[in-house]
2 protein chains.
Amino acid sequence: MKPQRRIPAVAVRRLPLYLRVLEDLASEGVEVTSSADLANRSGYSSEQIRKDLAYFGAFGTRGLGYDVSQLTQHLRRILGLTAAVPVALVGAGNLGTALIRYASLGARDTYVAAVFDDDPQKIGTEISGLRVRPMEELQATLREQGIRIGVIAVPEQNARDVFEKLCAADVTAILNFAPTKLEKRQVSVQNVDLTTELQSLAYFALGAGSDRA
Amino acid sequence: MKPQRRIPAVAVRRLPLYLRVLEDLASEGVEVTSSADLANRSGYSSEQIRKDLAYFGAFGTRGLGYDVSQLTQHLRRILGLTAAVPVALVGAGNLGTALIRYASLGARDTYVAAVFDDDPQKIGTEISGLRVRPMEELQATLREQGIRIGVIAVPEQNARDVFEKLCAADVTAILNFAPTKLEKRQVSVQNVDLTTELQSLAYFALGAGSDRA
DNA sequence: GCTTGTGAAAACGTTCACAGCC
DNA sequence: GGCTGTGAACGTTTTCACAAGC
């Protein structure tokens, strides 16, 4: 519960992995864990984990470790995942479809609540029970459902336009798969560029070492 | 051409973006550029770009800037992309299909050369003209075609097995989409975890700022 | 005059090492 | 005795600032 300033984004991005490990532990019936155990299962060092957690408070018991269920709740609260968080997906292609399957199967914490596309062929069809909506419905749907997170899975040439529409619909965080630089004050953009990812891999394939996401 | 030691991986990962920007410039008919211009178009600072390039040599002309075509060639050579690099994809689901489309459409520098799956329903079918092969053919195909890069786009429970098979086939760099910690000496693993990506986005959606991939 | 290339400084993130507490 | 929480040390990455060169 202790307030702390200047939390590095890299630390925040590690939290969901800790959360996943904790969920695994819970499903194995483990009730108490340690930073050393979390380190083993996550691949990060125990000091790193303790530091990351310390940015947000003191959740453990010295000499004992962490209560799995309590720490899970803390991480959920910190990340804003106390209730499942709805996400809007723009782009109902293969990548979009893959994301719907991922997000609904794998994670219980976020889910795709609405899908949009501008292809008349796709509008009205269903993906995993979700009706693909026309772009015209975007703003109204997001407002109604209180969606603040958007995913851009459209071709490069449409990305900027979709970005503006998402911003206009008051989205505050975006996961962008298009290779386009998107920026706006008050909007956090996380880029995943599969093409450049593959290209840098070519370099590492030459003289390999190991690496962390 | 100057040799340099200790090149940070973060710098290498930025190079493909510079390469893309250069390709855009070339297609606009621009022949000479500057670090300031590249900065504008890439979102990184001009000093950052100059430093990144300096790890590999001195490619510019003081007072003038960089020759677009020359710098493009240098980056291709540095990244190991002088010829299009073949990549093996394991997992012919939606994500795999999306990657094939991405990698063949967007990028001229890497391409999916072979697809594998263990689902009899998928084996033998074609995706963008590529026949889906059974896992049994993996090692032979990769050896024959000299493929050193693999992409893991299979469900979590199969990821470790696929990883071992790719390593056995002498792959040296892997792009892993499964939420599984994969490690091996001499193999560079780049993880992309779409689920944790979405979850950390929930945090940034609360008090947004801007961010870089 | 303009832009690169680069040491030096600053900022940042990780690891160390241990005091504090069960 | 064991494990957390944390300041201090370390290493890495970014930014600064300017000399070098066209």
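By convention in this document, chain letters (A, B, ...) are assigned in the order of the sequence lines, proteins followed by strands, and residues within each chain are numbered from 1.
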Starting from [atom2] on [N], measure out to [atom1] on [X] and report it in whole angstrom.
X     : N      : atom1 : atom2 : result
A/I7  : C/dC12 : CD1   : C1'   : 15 Å
A/L53 : D/dT4  : CG    : C1'   : 10 Å
A/I49 : D/dT6  : CD1   : C1'   : 16 Å
A/F59 : C/dC22 : CZ    : P     : 17 Å
B/E47 : C/dA11 : CD    : P     : 15 Å
B/L64 : C/dG5  : CG    : P     : 11 Å
B/R50 : D/dT13 : CZ    : C1'   : 16 Å
B/L38 : C/dG5  : CG    : P     : 11 Å

Between [X] and [N], is there a contact of a side-chain N or O with OP1 or OP2 at under 4.0 Å?
X     : N      : value
B/R62 : D/dC18 : no
A/S35 : D/dT4  : yes
A/Q48 : C/dT15 : yes
B/Y66 : C/dG5  : yes
A/T61 : D/dT4  : no

Of the listed nucleotides [options], the one nearest the side chain of [X]:
X     : options                : value
B/S34 : C/dT3, D/dT4, C/dT14   : C/dT3
A/A58 : C/dT4, C/dT14, D/dG5   : D/dG5
A/R14 : C/dT15, C/dT14, D/dT15 : C/dT14

Please enumerate all protein N or O atoms sitting under 3.5 Å from an N or O of nucleotides 8-12 of chain D, with distances to 0.1 Å.
none

Self-check item: A/T97: side chain to side chain contact (heavy atoms under 4.5 Å, CB included) partners, not counting sequence neighbours
Solution: A/R101, A/I127, B/N94
Quiz item: Among all residues two or more places apart in sequence or in another chain, which pass the side chain to side chain contact (heavy atoms under 4.5 Å, CB included) test with B/R62?
Solution: none
Exercise. Find which nucleotide of DNA chain C each of B/G60 and A/G63 is nearest to by heavy atoms, and output the residue with the more 5' nucleotide.
Key: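 It is B/G60 whose nearest nucleotide is closer to the 5' end.
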Quiz item: Does some side-chain heavy atom of A/S42 sit less than 4.5 Å from a side-chain heavy atom of A/Y18?
Solution: yes
Quiz item: Is B/F204 close to A/R13 at the side-chain level, that is, under 4.5 Å between some pair of heavy atoms?
Solution: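 Yes - at least one pair of side-chain heavy atoms lies under 4.5 Å apart.
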Are the side chain of [X] and the backbone N or O of [Y] linked by a donor-acceptor pair below 3.5 Å?
X      : Y      : value
B/D109 : B/A84  : no
A/N176 : A/A178 : yes
B/R160 : B/L182 : no

Quiz prompt | A/K165 and A/D161: CA distance, side-chain angles, deciding distance, salt bridge (charged side-chain N to carboxylate O under 4.0 Å, His left out) verdict | solution = CA-CA 6 Å; A/K165 282 177 177 152; A/D161 180 49; 3.1 Å; yes
Exercise. Mind checking A/S46 for me? I need base, sugar-phosphate or nothing, with any heavy atom below 4.0 Å counting as a touch.
Key: nothing
